[in-house]
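What follows is one structure encoded as structure tokens, with my remarks underneath.
The analysis underlying the following values was restricted to heavy atoms, covering all of them including side chains, and did not include hydrogens, waters or symmetry mates. Here is how names work: the chains are called A, B, and so on, in the same order as the sequence lines, proteins then strands, and each is numbered from 1.
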Amino acid sequence: MIHQGEYIRDILRGEVGKTVHAHGWVKTRRDSKGVSFVQLNDGSSFQDLQVVIEEGALPEEAMKQTTTGACVRVTGELVASPAAGQAVELKAKEILVYGGADPATYPLQKKGHTMEFLRDIAHLRTRSNTFGAVFRVRNALAHAIHNFYRERGFVYVHTPIITASDCEGAGAMFGVTTLDMMNLPRNDSGAVDYSKDFFGKPAYLTVSGQLNVEIFALSFTNVYTFGPTFRAENSNTPRHLSEFWMIEPEMAFCDLEGDMELAEAFLKYIIKYVMEACPDDLEFFNKRIDNTVLATLSQVVENNFEHVTYTEAIRLLEKSNRTWEFPVFWGADMQSEHERYLTEEVFKKPVIVTDYPKEIKAFYMRANDDGKTVRAMDVLAPRIGEIIGGSQREERYDVLLDKIRKQELNEEAYWWYLELRKYGSAPHAGFGLGFERVMLYLTGMKNIRDVIPFPRTPGSADF
RNA sequence: UCCCUGCUAGCUCAAUGGCAGAGCGUUCGGCUGUUAACCGAAAUGUUGAUGGUUCGAGUCCAUCGCGGGGAGCCA
């Protein structure tokens, strides 16, 4: 295996004169009279290692197989590069071809490909410049998230992926069953008899770890989850996946102000972290994908988020003298066009909207004294819309029970959630952040299917 | 799920209802310490599928499939 110090990333910073072994996949090859140039990449950095092969230095058979897409090990001397583009290059003395790649059929060309085409070859797109950069950033972002919470004493909680409680929210859920679909057990009234199913009752893939993580917040104080989430909604947009990753912090002894403070610090931290960890990759995104990415990220890190209440936001929209496709009035849910107007035209930066009407928000959000609004907050970002949704939770037993009853939810299903308010309740708050939405923001990529290794969307679960 | 739009060579795209094209890639040759190199030549097609209209359909019509943009749902 390859150890620290042996990746191409390390070789590029290596000492001239040393003999090194470079392992990787050939990105391109250029031939001149008497010399060939092979760009080698092992995923460890955006920059390739330029391998220089003088005529006759390597066996002809091996040279024939050293084509775009081939996997090779090159042994040689690291030398200073006489040309621009790289500080050092590898002067080949020996080559081992692990696996060739027929140039006539290898689909990746030197020229740019569309994201749609690359998505169809998800087993090879990881070797392209764009997806190399995307997945290095994704990796750095995951580390940034854990670092942020660890530095603040948060406990990382693994909430369940399979859940038998259908009380997690309004999102459509995927069923999990081992029943024979061709021969379903029925009860007397003809309905499916789930007592015969694997868990003895209907089970689903989780749409959120929030309710579970609240249990841990009321024991470990500050906690977070970071894991996959599933939505069976028939959403076909560049911003939705059926399987995506979500980060959900939850803090005891915390109100909405503390929640917002953490959300802002969190976004700034992870952006800064990735900017420092992946400068080459971000520069590539800025050059080839979206030339506003770097400026936008710096701007977010350096400035404070805007804060408005829902009521103020509605007033701003009403004052705009625009004709909206969806009418604006107090009590209406904000639409994409409204969010975009606020973030892209009024404030031109992330905006935190708070205190929404209780009718358009979830039952567990803490009621304000005005009787009309709840302590909810959405962080809206230019271009991608809602990136964080959170709230202070209703910690008062009677108020929560009343809400569950008024919304005609299944009171019994929430028995343990209610008991958390009965035994040692505490004010607490949290939010959910879509991991891939942050990826869109960081990379400037336009489609969420291109920032996750293997996208799952309605009608599509390849690879 | 709704609205709009697209599907032609490996890729990106041309083609008034009338002979199926180009660039890139590939192969071969040339030139050059090259950087998405350059010059010349060659090979490459069930025009997404199924029906229909027509003397004749890549082009028009219908249905289906898949992609893209927008919307809804949301993270």
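Look at A:Glu394 and A:Arg375 and you find no salt bridge, because none of the NZ, NE, NH1 or NH2 atoms lies under 4.0 Å from a carboxylate O. Salt-bridge check for A:Arg366 with A:Asp355: failed, with every basic side-chain N at 4.0 Å or more from each acidic carboxylate O. With respect to A:Glu344 and A:Lys349, no salt bridge is recorded, no charged nitrogen being found less than 4.0 Å from a carboxylate O.
Backbone-only contact: A:Phe117 has heavy atoms under 4.0 Å from sugar-phosphate atoms and none from a base. At a threshold of 4.0 angstrom between heavy atoms, the contacts of A:Thr229 with the nucleic acid are absent. Within 4.0 Å (heavy atoms only), A:Glu248 reaches no atom of the nucleic acid at all. Within 4.0 Å of A:Leu241, counting heavy atoms only, lies at least one base atom of the nucleic acid. Residue-level contact check: A:Phe435 touches neither bases nor backbone, having no heavy atom under 4.0 Å from any strand. No engagement by A:Glu325 is indicated, since no non-hydrogen atom pair under 4.0 Å with the nucleic acid exists. If you check every strand for non-hydrogen atoms under 4.0 Å, A:Pro82 touches a base. Within the 4.0 angstrom heavy-atom criterion, base atoms lie near A:His240. Heavy atoms of A:Pro458 sit nowhere under 4.0 angstrom from any nucleic acid atom. When heavy atoms are screened at a 4.0 angstrom cut-off, A:Arg449 is found touching the sugar-phosphate backbone but no base atom. Residue-level contact check: A:Asp31 touches the bases, meaning some heavy atom is under 4.0 Å from a base atom.
Distance check on atom P: B:U59 versus B:G17 gives 11 Å, rounded to whole Å. Spacing between B:U27 and B:G67 at atom C1', rounded to whole Å, works out to 32 Å. Rounded to the nearest Å, the gap between the C1' atom of B:C55 and that of B:C60 is 16 Å. Taking the C1' atom of each, B:A43 and B:C28 are spaced 10 Å apart, rounded to whole Å. Taking atom C1' on both B:U12 and B:U47, the two are 16 Å apart, rounded to the nearest angstrom. Using C1' as the reference atom, B:U32 and B:A42 are 23 Å apart when rounded to the nearest Å. The C1' atoms of B:C3 and B:G21 are separated by 34 Å, rounded to the nearest whole Å. Rounded to the nearest Å, the gap between the C1' atom of B:C31 and that of B:A41 is 15 Å.
Regarding contacts with the backbone of B:G72, a side-chain N or O of A:Ser336 is found under 4.0 angstrom from either OP1 or OP2. For B:C31, the OP1/OP2 oxygens have a side-chain nitrogen or oxygen of A:Lys33 closer than 4.0 Å. Contact annotation: A:Thr114 reaches the phosphate of B:U12 (side-chain N/O to OP1 or OP2, under 4.0 Å). Between A:Arg231 and B:C74 there is no side-chain N or O to OP1 or OP2 distance below 4.0 Å. In terms of phosphate contacts, A:Asn129 brings no side-chain nitrogen or oxygen within less than 4.0 Å of OP1 or OP2 of B:A36. The phosphate of B:U35 (OP1 or OP2) has no side-chain N or O of A:Gln47 nearer than 4.0 angstrom.
A donor and an acceptor atom sit less than 3.5 Å apart, one in the side chain of A:Gln50 and one in the base of B:U34. For A:Ser235 and B:C73, a side-chain-to-base donor-acceptor distance below 3.5 Å is present, hydrogens and geometry of angles not being considered. With hydrogens and angles ignored, a donor-acceptor pair closer than 3.5 Å exists between the side chain of A:Arg437 and the base of B:C74. Side-chain atoms of A:Asn236 come within donor-acceptor range of the base of B:U1, with a qualifying N/O pair under 3.5 Å.
Considering A:Glu345, A:Glu337, A:His338 as possible partners of A:Arg322, the one that fulfils the side-chain hydrogen bond (donor to acceptor under 3.5 Å, both in side chains) test is A:Glu345.
Candidate nucleotides B:G72, B:A75, B:U26 were compared by shortest atom distance to the side chain of A:Pro103, and B:U26 ranks first. Comparing B:C11, B:G72, B:U27 by their closest approach to the side chain of A:His113 singles out B:C11. With distances taken from any side-chain atom of A:Gln335 to the nucleotides B:G69, B:G72, B:U34, the minimum falls on B:G72. Proximity note for A:Gln109 (side chain, C-beta onward) versus B:C31, B:C24, B:U34: the nearest is B:C24. Comparing B:U35, B:A36, B:A75 by their closest approach to the side chain of A:Arg288 singles out B:A36.
Side chains of A:Glu339 and A:Gln335: no donor on one and acceptor on the other come within 3.5 Å. Looking only at atom types and distance, the side chain of A:Arg136 has no donor-acceptor partner in the side chain of A:Asn139 under 3.5 Å away. Side-chain N/O atoms of A:Asp48 and A:Asn41 include a donor and acceptor closer than 3.5 Å. Side-chain N/O atoms of A:Gln39 and A:Arg30 include a donor and acceptor closer than 3.5 Å.
Remark: RNA chain B forms stems of 3 or more consecutive Watson-Crick or G-U wobble pairs, all pair distances under 3.5 Å, at B:1-7 with B:65-71, B:10-13 with B:21-24, B:26-30 with B:38-42, B:48-52 with B:60-64.
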Please write out the pairs of protein N or O atoms and N or O atoms of nucleotides 40-49 of chain B separated by less than 3.5 Å, giving the distance to one decimal.
none

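What separates CZ of A:Phe431 from P of B:C74 is a distance of 20 Å, to the nearest Å. Taking atom CD of residue A:Glu337 and atom P of nucleotide B:A71, one finds them 9 Å apart after rounding to whole Å.
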Practice problem: Evaluate side-chain contact (heavy atoms from CB on, under 4.5 Å) for A:His307 paired with A:Met377, printing each intermediate quantity in order. | Solution: CA-CA 10 Å; A:His307 290 253; A:Met377 64 118 175; over 6 Å; no
Practice problem: Applying side chain to side chain donor-acceptor pair (under 3.5 Å), run through A:Tyr224 and A:His146 and close with a yes or a no. | Solution: CA-CA 9 Å; A:Tyr224 72 105; A:His146 286 299; 2.6 Å; yes
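A side-chain donor-acceptor contact under 3.5 Å links A:Gln392 to the backbone of A:Leu256.
Under the stacking criterion of a centre-to-centre distance below 5.5 angstrom and an interplanar angle below 30°, A:Phe37 is not stacked against the six-membered ring of B:G33.
Remark: A:Arg437 is not positioned above the aromatic ring of A:Phe244, lacking an NZ or CZ atom under 6.0 angstrom from the ring centre and at most 45 degrees off the axis.
Sorted by first and then second residue, the ring-ring contact (aromatic ring centres under 6.0 Å, His included) pairs with a member in residues 104-131 of chain A read A:His113-A:Phe117, A:His123-A:Phe463; sequence neighbours excluded.
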